[in-house]
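Note sheet for the following structure.
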Amino acid sequence: MFGMKILRDVFCEGVALDLGTVNTLAAIRGKGIVLREPSAVAVSTGEDREIIEIGSKAMLMLGRTPGQLTVCYPMRDGVISDMELAEAMIRFCIREALGRKAGPMGIRLALCLPLCVSDIERRALMEAAKNAGAREIIVLNEALAAAIGAGIPVTEPIGHMVVDMGGGTTDAAVVTLGGIAAHKSVRTGGTHLDKAIVEYIGREYRLSIGERTAEQVKMNIGSALLGGEDHMQIRGRNMETGIPESIIVGRGEISYAIKNEVRDMVNAIKETLAQTPPELAGDIYDTGITLTGGGANLDGIAELVGRETGMAVRVAEDPENCVVKGALMALDMGEEAGIYHEAVSA
């Protein structure tokens with residue numbers, strides 16, 4: 001058994017994949033993160049539905065495609081929106097990450113999924129990964145992977161709380177002894193904040209803007225806390241005249257626009273705390289709450305969570321990459337350290 005592990009570690013490629021709603025990240029044992037691509041696929045609209053481009057090249061076509069092309073997203077809010085495209089995305093990322101053929105014993109893949117993914121969806125993604133060339137597939141909950149990547153000692157008999165704020169979902173979980181003791185997952189994330197901004201600007205200013213513009217607004221002047229004096233100029237198309245137009249929006253407006261979505265994310269954290277066993281709750285009072293994922297960069301979110309829970313809150317170092325980093329670490333430590341995951345061999 002020990003000899004087989006050595007052979008596997010030497011000749012089997014260890015790949016970690018964070019298949020997200022917005023971006024897909026890949027990391028390789030010994031090299032770290034080697035790939036970050038938008039989770040987008042450009043396909044033809046004909047009966048054959050040919051895949052034209054994947055990743056960043058597909059995103060360049062967004063909003064600029066002719067009638068016979070469309071840009072699709074394999075994952076939406078942590079759910080597979082298109083199985084065929086999800087498999088193509090996984091295959092593309094593995095190929096691009098390795099840059100060559102896999103080792104003689106194939107690929108050992110750690111695949112990270114949100115807590116809200118159903119068993120049927122989980123099995124379907126595992127099948128897609130197997131079809132994409134993975135010899136062994138280890139499925140990890142994103143929250144557990146994020147905790148490992150954030151440096152939390154998940155195998156200790158102490159409760160820690162991690163909140164992974166992704167593009168399509170927010171996963172709040174209490175981790176201890178290599179597993180998850182309590183959790184709550186909501187299909188609210190960064191893309192929902194962007195959509196709320198698009199809807200607010202359209203409703204209040206009669207200006208049509210795209211999701212990419214909304215994301216820039218969120219990153220520049222978005223805040224989880226109401227109020228603020230910063231302003232930003234944005235450009236779009238007037239809904240009534242059809243003529244390009246620019247307006248000035250303030251931080252307070254954007255905070256108001258996204259307040260419902262932010263509230264849903266905070267409520268997920270509070271509900272998880274309400275489910276937590278008393279002994280672990282006492283641990284969390286001491287260890288605090290760690291925020292990961294791109295949403296952790298939203299201005300004021302850590303302060304708001306602290307106010308609402310009365311807990312110490314920190315944003316993990318390099319929060320966007322915690323999940324894929326943790327998955328890569330779990331490939332090596334899982335069996336020996338007791339990390340709870342689901343595995344299948346092709």
Side-chain angles (χ1 to χ4, degrees), residues 16 18-21 77-79 110-119 121-122 138-190 264-296 301-302 304-306 308-317 319-327 329-330 333-334 337-342:
D18 177 13
L19 186 63
T21 298
D77 303 344
V79 177
L111 184 62
C112 301
L113 298 177
L115 287 163
C116 58
V117 168
S118 69
D119 288 340
E121 292 165 341
R122 182 184 297 260
I138 296 171
V139 178
L140 283 168
N141 290 320
E142 285 185 351
L144 184 58
I148 297 170
I152 294 174
V154 298
T155 59
E156 294 182 357
I158 299 173
H160 297 267
M161 187 172 197
V162 62
V163 184
D164 185 51
M165 299 175 165
T169 60
T170 295
D171 292 340
V174 176
V175 298
T176 183
L177 292 171
I180 294 176
H183 69 86
K184 175 70 176 181
S185 183
V186 292
R187 299 186 192 276
T188 303
D264 290 343
M265 296 160 76
V266 173
N267 283 344
I269 299 171
K270 295 166 73 173
E271 289 181 35
T272 303
L273 288 170
Q275 300 172 19
T276 304
E279 292 295 332
L280 293 177
D283 291 340
I284 295 168
Y285 189 82
D286 294 329
T287 58
I289 300 172
T290 300
L291 306 183
T292 67
I301 188 65
L304 179 62
V305 172
E308 292 289 324
T309 63
M311 302 285 183
V313 181
R314 75 176 182 100
V315 176
E317 183 179 349
E320 301 97 328
N321 298 326
C322 283
V323 170
V324 74
K325 284 182 176 179
M329 294 167 66
M333 67 185 286
I339 301 297
Y340 288 92
H341 59 254
E342 182 179 1

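Note that the structure is predicted; figures quoted are calculated from it, not measured.
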* To do: Nearest 0.5 Å please: distance from the CE atom of Met265 over to the CD atom of Glu308.
  => 13.5 Å

* Nearest heavy-atom pair of Val162 and Ala143: which atoms, and what distance? -> CG1-O, 3.4 Å

Which side-chain N or O atoms in residues 279-287 pair as donor and acceptor under 3.5 Å with protein atoms at least two apart or in another chain?
unit_1: Asp283; atom_1: OD2; unit_2: Gly159; atom_2: N; d: 3.0
unit_1: Thr287; atom_1: OG1; unit_2: Gly159; atom_2: O; d: 3.1
unit_1: Thr287; atom_1: OG1; unit_2: Asp283; atom_2: O; d: 3.1

* Asked: Do Asn141 and Arg122 touch side chain to side chain, with heavy atoms closer than 4.5 Å?
  -> yes

* Asked: If you round to the nearest 0.5 Å, how far is CD1 of Ile180 from CG of Leu177?
  -> 13.0 Å

* Asked: Which heavy-atom pair separates Ser185 from Thr169 by the least distance, and what is that distance?
  -> OG-CB, 4.5 Å

* Give the minimum heavy-atom separation between Ala327 and Ala110, together with the two atoms involved. => O-CB, 3.8 Å

* Structure fact -> Between Leu144 and Gly178 the two heavy atoms that sit nearest each other are CD2-O, 3.7 Å

* **CE on Met329 to SG on Cys322, rounded to 0.5 Å** => 10.0 Å

* **Inter-residue atom distance Ile269.CD1 - Thr170.OG1, 0.5 Å rounding** => 7.5 Å

* Asked: Atom CG of Leu140 and atom CG of Asp18: how far apart are they, to the nearest 0.5 Å?
  -> 10.5 Å

* Could you list the residues that satisfy side-chain hydrogen bond (donor to acceptor under 3.5 Å, both in side chains) with Thr292, not counting sequence neighbours? => Asp164

* Can you name the residues that form a side-chain hydrogen bond (donor to acceptor under 3.5 Å, both in side chains) with Thr272, not counting sequence neighbours? -> none

* With the side chain counted from C-beta on, respond yes when Met165 and Ile301 share a heavy-atom pair under 4.5 Å apart, and no when they do not. => yes

* **Side-chain touch Val139/Leu113, heavy atoms, less than 4.5 angstrom** => yes

* Which atom of Pro114 lies closest to which atom of Asp171, heavy atoms considered -> CA-OD2, 3.3 Å

* Asked: What pair of heavy atoms forms the shortest contact from Ala147 to Val154, and how long is it?
  -> CB-CG1, 3.6 Å

* Straight-line distance of Thr176 OG1 to His160 NE2, nearest 0.5 Å -> 7.5 Å

